[in-house]
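Below you'll find the structure I mean.
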There are 2 protein chains.
Amino acid sequence: MAQPMYQQIAEDLRTKIASGILKRGAQLPTEVELRDQYEASRNTVRDAIKRLTSQGLIETKPGQGTFVSVKIDPFVTVLTADLTEVDKGEGATYLSKVNAEHREASMTVPKVEVQPAAAEIANRLRVPLGQPVVSRHQKRFIDEVPWSLQTSFYPFEFTKGAVRLLMAENIEPGVVHYLGETMGLAQIGWRDWITARSADNNEQAFFRISHDSTVFEIFRTAFDQHKKPMRVTVTVFPTDRNQFIVNVGDGIPDPRYEENPEEYDEKPGMTA
Amino acid sequence: MAQPMYQQIAEDLRTKIASGILKRGAQLPTEVELRDQYEASRNTVRDAIKRLTSQGLIETKPGQGTFVSVKIDPFVTVLTADLTEVDKGEGATYLSKVNAEHREASMTVPKVEVQPAAAEIANRLRVPLGQPVVSRHQKRFIDEVPWSLQTSFYPFEFTKGAVRLLMAENIEPGVVHYLGETMGLAQIGWRDWITARSADNNEQAFFRISHDSTVFEIFRTAFDQHKKPMRVTVTVFPTDRNQFIVNVGDGIPDPRYEENPEEYDEKPGMTA
DNA sequence: GGGTATTTGTCCGTATGTATT
DNA sequence: AAATACATACGGACAAATACC
């Protein structure tokens, strides 16, 4: 046996999906039917299904069946948005532009807490480990689809001058603007630190992704005019529906040029 | 039963790892021993192990046993490197700076092919679908560790003036410099398009990662002085050992400030 | 090199639970 | 309530990879 049977079955199913024999959203034969088709045991068929499931190609629904996954049109976020365009409210910490013309972003009211700084936050915010920091957490959606989970951290001492940081409400026209008014801080730029990891239980539930899905985790450290960190924002995006763009240099063309109708037909989503 | 037994076992093992009872690199009890410990069947124990394996927490080695994964110190790549610093040879398409002081990058001699442009390349390079393009493919290592797989694509018409594009050798002091000399093209900047997906068979073998691991796939489109694409570079990085940094604004401090000894002890790697 | 013990990988059949229709 | 379909769990058998003598 060159390859194990369950891998051969997985490959065969993958081919059937790629070739269009099994279309997106279509239901696969039941496990018992596949067992008969491939003359294998049901457990072996299930091993094949697990392989494809963990790659996001198919989904199983208890009591219903197994279906080819329908990919949604990805959200594309430009990380190098103009500095001048950034401060349009807390939700605009990231701008999602491409494909987003007819999309609507929304977010929950921030959940505000004071926590001791974990190592990842303390190092980036340059406060001592365990020092209290203000955390402001939000769930974010695009067109009702769970899009990202975002938590911003500020040094607790900011609350002396910037009291509203502790209030569970959106700060208009933006926290950066507010910190400028109250603390005299000006944001000169930021650094994004991009990582990927598997989703934890919270994230699996919120994004409705399987237990072995991965997420982007982006740490954005914003710096003030003294080149000191004034905010750390941690945002988690599921990899199955998010992509990012970084522009370097002046006059880089709009990314929409890269898109054409054929690609959309192949990677269908909310347009389909 | 609140949670299935295999998930309870997985949680218990995860706790033992997080708490340090099972140290990095340590061998877990064998499946038969775990079966006795948890009074479950061997298959149920194996389901628990699969969960942790798919999250990269443990690794199984046939004939040897199951071990807690040892994470390597991640390679950090700055995507917004200075434009002037970029053209230091083809391998420097990305600079890996942080933590890389005492690391040495190496790469294979490029494998050169002429291919019809796939949709993803054709759209970005703005050539008709199926048009011939030159592809130059390299495997890249840092300190002998498989780091990334990189393929650069150029319009085939470039080969009229820039013959060396077709030669399977590194072009010194860099392809951008060479295209400037031969074609009069100047690179004014680029756009990176960051995505993540599960690794294909090639990538699994090269990076020695499990079948359900994910990779970053970054499409870098470089633009010339006419704002037209002159090159598309596709680079694949395993997510378990790669992170990326994007700096926006002037005077963003060096990211090394974000690192302190404690974190290194917790995320051990080549320094340990 | 060969043989053996150990350990994980594959595959099977069966039974029962849970979610959905 | 009944039927359907996937999820969990068990026990057994043999294969394949590795380590050790």
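Every chain is numbered from 1 and lettered A, B, ... according to where its sequence line falls, protein lines coming before strand lines. Computed from a predicted model, the values in this text were never measured in an experiment. The figures here come from the full heavy-atom set of this structure, side chains too, leaving out hydrogens, waters and symmetry mates.
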Separation of A:Gln8 atom CD from C:dC11 atom C1', in whole Å?
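My rounded result for the distance is 13 Å.
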Length of the line joining A:Glu31:CD and C:dT20:P, which is rounded to integer Å
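Taking atom P of C:dT20 as the reference, CD of A:Glu31 is at 16 Å.
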Under 4.0 angstrom between B:Gln64 side-chain N/O and D:dA19 OP1 or OP2:
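Yes, B:Gln64 has a side-chain N/O under 4.0 Å of OP1/OP2 on D:dA19.
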Under-4.0 Å side-chain N/O to phosphate OP1/OP2 contact, A:Thr66 with D:dA5:
no
Would you kindly give the CZ-to-C1' distance between B:Arg35 and D:dG11, to the nearest whole Å?
10 Å
Where A:Leu79 and A:Arg220 come nearest, the two heavy atoms and their spacing:
O-NH2, 3.4 Å
Donor-acceptor pair between A:Thr239 and A:Thr214 side chains, under 3.5 angstrom:
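Yes - a donor-acceptor pair under 3.5 Å links their side chains.
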Whole angstrom value for the distance that separates C1' of D:dC6 from NZ of A:Lys50:
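Going from NZ in A:Lys50 over to C1' in D:dC6 covers 11 Å.
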For B:Phe237, run the ring pair (Phe, Tyr, Trp, His ring centres under 6.0 Å) check against B:Phe216, B:Phe206, B:Phe244 and tell me which one passes.
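Of the listed options, the one satisfying the test is B:Phe244.
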Go ahead and name the base partner of D:dA1; Watson-Crick or wobble counts if both distances stay under 3.5 Å, otherwise write none.
none
Is any side-chain nitrogen or oxygen of A:Arg46 closer than 4.0 Å to OP1 or OP2 of D:dC6?
no
Rounded interatomic separation in angstrom, taking CG from B:Asn43 and P from C:dC12
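To the nearest whole Å, that distance equals 13 Å.
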If I take atom CD in residue A:Glu33 and atom P in nucleotide D:dT4, what distance separates them, rounded to the nearest angstrom?
11 Å
Just by distance, no angles: are the side chains of B:Arg140 and B:Ser148 close enough, under 3.5 Å, to form a donor-acceptor pair?
yes
Residue pair B:Ser69 / B:Glu59, side-chain donor-acceptor N/O under 3.5 Å
yes
Whole-Å distance between D:dA16 P and A:Tyr6 OH?
14 Å
Less than 4.0 angstrom between a side-chain N/O of B:Thr44 and OP1 or OP2 of D:dC10, yes or no?
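Answer is yes, contact under 4.0 Å.
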Closest nucleotide of DNA chain C for B:Val32 versus for A:Glu39: which of these residues is on the 5' side?
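The 5'-side residue here is B:Val32.
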With a 4.0 Å limit, can you tell me whether A:Gln7 has a side-chain N or O closer than that to the phosphate oxygens OP1/OP2 of C:dT10?
yes
Should B:Thr60 be listed as having a side-chain N or O under 4.0 Å from OP1 or OP2 of C:dG9?
yes
Nearest-nucleotide wise, let me know which of B:Val45 and B:Arg42 is further upstream toward the 5' end of DNA chain D.
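Going by which nucleotide is closer to the 5' end, it is B:Val45.
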Return the value, rounded to whole Å, for the distance between atom OH of B:Tyr38 and atom P of D:dT8.
18 Å
Among C:dG9, C:dC12, D:dC6, the one nearest any side-chain atom of B:Pro62 is C:dG9
